[in-house]
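Since the structure comes first, as structure tokens, the remarks are kept for the end.
Both backbone and side-chain heavy atoms feed into the values below; hydrogens, waters and symmetry mates do not. All residue numbers refer to positions in the sequence shown, counting from 1.
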Amino acid sequence: MNELEYLIKKFPPQFKVNLSIQNISFTVLTNSAELARKLHDYLALYTREGDGKPGHLFYAIVGEIDIDREKLIDIPRTQSKKMVKEAAYDTREGRIILKKRTGVVVLQEHDVRAVVGDLVSNINQVINVIDEVFITDYLKQGYVLLHSSAVADRHGNGIVFTSESGSGKSTMAVAMLEHGFHYLSNDRVLLKAKDERVTILGVPKKPRLNPGTILVLPRLHQLLTPEEILKYSKLTPDELWHLEDKHDLDVDRIYGTGTTVTQAELAMCFILDWKLGGGPMTINRIPEEDSIRALTPMVVNLDPARKQTSLSHGVENELKEIAKRVICYRVSGAVDIAGLAWKVVNLQSTHSTPPSSMAEADTFKRNEATQ
């Protein structure tokens, strides 16, 4: 009996959540009614009734499983991310991955994945695995995955903010919501050049915000307790910037039903190359040939062993096609979230155009019309 068979026998799944993300179907089986409810609420935009096409199969098991910890090998991250978050080893049927911070275990056997642990408290671990499979399916269709957040205006014209971790991508996306924009994606976007445009697909995940972002936006204060607000208010801007204490933002609950959308057409890209304590913020348009070089480091590597060190020929070509169609800007100097948000609003009003046909307008769907 392999690990997956043993897991299912030990924790028989009794609850099901059916999902449809873009045109990809998922079936999540779990032994926890509470987890099924939380997944249904978290992924409300993508849940579907009935069985329909089963698509990808997942097991989300609340419980514990024994793994061979002596076989675990740390999975290295990029130089800018020194803290190792995962360790793994290969099995006869697939691969076992340990999430070090939460203790959650991911089993991969052929086309089936199982996530095991305290998933009610760590629902993002389940969402991450679902998102990884969703992303992989679209990468096979020629899309490029960027480390970016994204929003869209009311016409479906999208804006991407891209940078390394901890540079304010999520904060910029939420700052744009304050100006009436729609939410597309928090940390990953899928891009593909089609005809004269670039399609953006959002990755289903709520923004995860640190206290520094929450404190400056009064309507987000409800994400913290009064005691937390008092505690964090005493920290310096530098301390808040480097603080890691993530809180999930339910975008449609706070900003209104329909704020979250699933896709748009990319109009502008902002590469965040700023830092705390820098000089005055500057925004400079990047020539097409330089855009390719600037975007290359932002391409995300999903190789579980991190063995891939360079872009494939197909990804390089797709980046070139994207750079031809999109206006890119480099943002340098000091971090100025509010200042950049106003600049983006002004630039977008200049470049923004409504969809040229009803067919294009239909691709920019609100929450209640996506399914």
Qualifying residues under side-chain hydrogen bond (donor to acceptor under 3.5 Å, both in side chains), relative to Arg330, sequence neighbours excluded: none

Would you confirm whether Asn2, through its side chain, and Leu4, through its main-chain N or O, come within 3.5 Å as a donor-acceptor pair? yes

Phe15: what forms a ring pair (Phe, Tyr, Trp, His ring centres under 6.0 Å) with it, not counting sequence neighbours? none

Any ion pair linking Arg208 and Asp248 (charged N to carboxylate O, less than 4.0 Å)? yes

With sequence neighbours left out, what residues match Glu244 under side-chain contact (heavy atoms from CB on, under 4.5 Å)? Asn210, Lys246

So, does Asn186 use its side chain to make a donor-acceptor pair with the main chain of Lys205 at under 3.5 Å? no

Does the pair Arg188/Asp131 count as a salt bridge with the N-to-O cut at 4.0 Å? no

For a side-chain contact (heavy atoms from CB on, under 4.5 Å) with Leu184, tell me which candidate from Thr260, Val151, Val261, Leu201 qualifies. Val261

Among side-chain atoms of Tyr255 and Glu178, is any donor-acceptor pair under 3.5 angstrom? yes

Are Asp74 and Lys100 close enough for a salt bridge, meaning some N to O gap below 4.0 Å? yes

Criterion side-chain contact (heavy atoms from CB on, under 4.5 Å) against Val189, the qualifying member of Ser149, Ser148, Cys269: Ser148

Please determine whether residues Val28 and Val120 belong to a single hydrophobic cluster, defined as Ile, Leu, Val, Met, Phe, Trp and Tyr linked transitively by side-chain heavy-atom distances below 4.5 Å. yes

Distance only, no hydrogens: is a donor on one side chain within 3.5 Å (strictly under) of an acceptor on the other, for Tyr42 and Asp250? no

Counting C-beta onward and ignoring hydrogens, is there a side-chain heavy-atom pair between Val315 and Leu145 closer than 4.5 Å? no

How about Met268 and Gln348: do any of their side-chain heavy atoms sit closer than 4.5 Å? yes

Going by the rule salt bridge (charged side-chain N to carboxylate O under 4.0 Å, His left out), which residues pair with Glu321 if we only count those two or more places apart in sequence or in a different chain? Lys324, Arg325

Tell me, please, which residues at least two apart from Phe161 pass ring pair (Phe, Tyr, Trp, His ring centres under 6.0 Å). Phe270

Are Val344 and Trp342 connected in a single hydrophobic cluster, I mean Ile/Leu/Val/Met/Phe/Trp/Tyr linked by side-chain heavy atoms less than 4.5 Å apart? no

Do Gln263 and Thr199 have side-chain atoms, one donor and one acceptor, less than 3.5 Å apart? no

Per-pair distances, 0.1 Å, donor-acceptor, side chain in residues 56-73, under 3.5 Å, sequence neighbours excluded:
unit_1	atom_1	unit_2	atom_2	d
His56	NE2	Asp137	OD2	2.7
Asp68	OD1	Glu70	N	3.3

Is the backbone of Leu340 close enough, under 3.5 Å, to the side chain of Asp336 for a donor and an acceptor to pair up by distance? no

